[in-house]
Structures are given as C-alpha cells and as structure tokens.
Amino acid sequence: DGIRYQKTSNGGTINGFYDKANRVIGILETGNSTTLIHELGHFFKDILEEAANNGNAKANSMLKEFESYAMSEDGRAFFEKGLKSKGGEYSTKNKLFMEELWSYSLERYFREGAYASGTMTRGFKNLLNEVKAFFKEVYKNARSGILGNIKLSEKMKDVFEDIVGE
C-alpha cells in the first residue's frame, strides 16, 4: 500500500508523506501543521486497521462507521470534488479515496472546528470520539519505559487537552 503523499492545493509540491511499511511520517519544507495532522490521519487509520485485523472489535466497529460515512452524501461530495479526476471509482474498495477521506476529515476536525460547530455528521463525530478513546486505551496499556518517569501537572494536562479539543 506504500507511501501516501500530501501535495499543495494546486497539486504540485509534496508537503509530507506517510510510509506505511515503516510507519514513518515526513514533513517537508513546504509542509505545515495541517500536513502533520493529515499524515497522522494515515498513521491512525493504519493502527486501527491493524487492530481490527487482530480481532479488536472496537477498532472494527470504528472502521465500519467510517465506511458508512464514506458512502454518505458527504463522502460522495469529497470524491466528486477532490478525487474523481485521479481515477478509481466511488467505493470503499478505492484505497486512495478511503485514505484521503479519512485524513482530510481528521484535518477538518482539527482545523475548522467542524466537530464543535455541528457541521460534521453525528456518525463521524461518534467515530472520532471512538478513535480518541481507542488511542487513550492503547497508551493506557503502554505506560512503560520513559513514559513512566513523567508526571503531568494539571496545568500541563489542560494545555494538551486544549490542543486536542478536550
């Protein structure tokens, strides 16, 4: 499934990439904070797919919800406006469509406040809440090594919660 690239809005310069095989995110000179969020989206989806393939029912449920979102009016509009010219069909089997819809939706969630403003469908809001809960659980179970040596103050927790929209 290879490397995913994020290009500038005019389709020219590559801003960043996600190398799925090595789980490497790269932000290039033209990239910015939205590039990071976009590429993290590919990483998050990769982790969810791996968990679902390993029998994690919650991850599987989240991916099914995303498939429903992809086949909704919102998903079709994204395909028609952004990806139809790149080939492939409007289908959950179109990997480019599914990857880019996921990552651009995550960008919208963070960048435009669609989550808070109510412009995103309820199903996708629920999916994003599930993704957040899933990653909290992953990290809860991975608290070893250097992470065990860090104690966050309430003020630092507030800083990070402001960043992720808690």
Seminar exercise, completed: Heavy-atom closest pair (Leu40 atom, Ile25 atom, distance to 0.1 Å) is CD2-CD1, 3.7 Å
Seminar exercise, completed: Heavy atoms of Ala59 and Ala51 approach each other most closely as CB-CB, 3.7 Å
Any chance you could measure [X], atom [atom1], to [Y], atom [atom2], to the nearest 0.5 Å?
X: Asn56; Y: Met62; atom1: CG; atom2: CE; result: 6.5 Å
X: Lys45; Y: Glu100; atom1: NZ; atom2: CD; result: 10.0 Å
X: Leu36; Y: Ile27; atom1: CG; atom2: CD1; result: 5.0 Å
X: Leu101; Y: Leu106; atom1: CG; atom2: CG; result: 11.0 Å

Given side chains that start at C-beta, do those of [X] and [Y] come closer than 4.5 Å, heavy atoms only?
X: Glu99; Y: His42; value: yes
X: Phe17; Y: Val24; value: yes
X: Phe66; Y: Thr92; value: no
X: Ser105; Y: Phe78; value: no
X: Asn15; Y: Asn32; value: no
X: Tyr104; Y: His38; value: yes

Listed partners of [X] passing side chain to side chain contact (heavy atoms under 4.5 Å, CB included), at least two apart:
X: Asn60; result: Ala52, Lys64
X: Ser68; result: none
X: Arg23; result: Tyr18, Phe43, Asp46, Ile47, Glu50

For this session: Check salt bridge (charged side-chain N to carboxylate O under 4.0 Å, His left out) between Glu154 and all other residues, then give those that pass, not counting sequence neighbours.
Result: Lys157
Problem set entry | Residues in side-chain hydrogen bond (donor to acceptor under 3.5 Å, both in side chains) contact with Asn22, at least two apart in sequence or another chain | Asp19
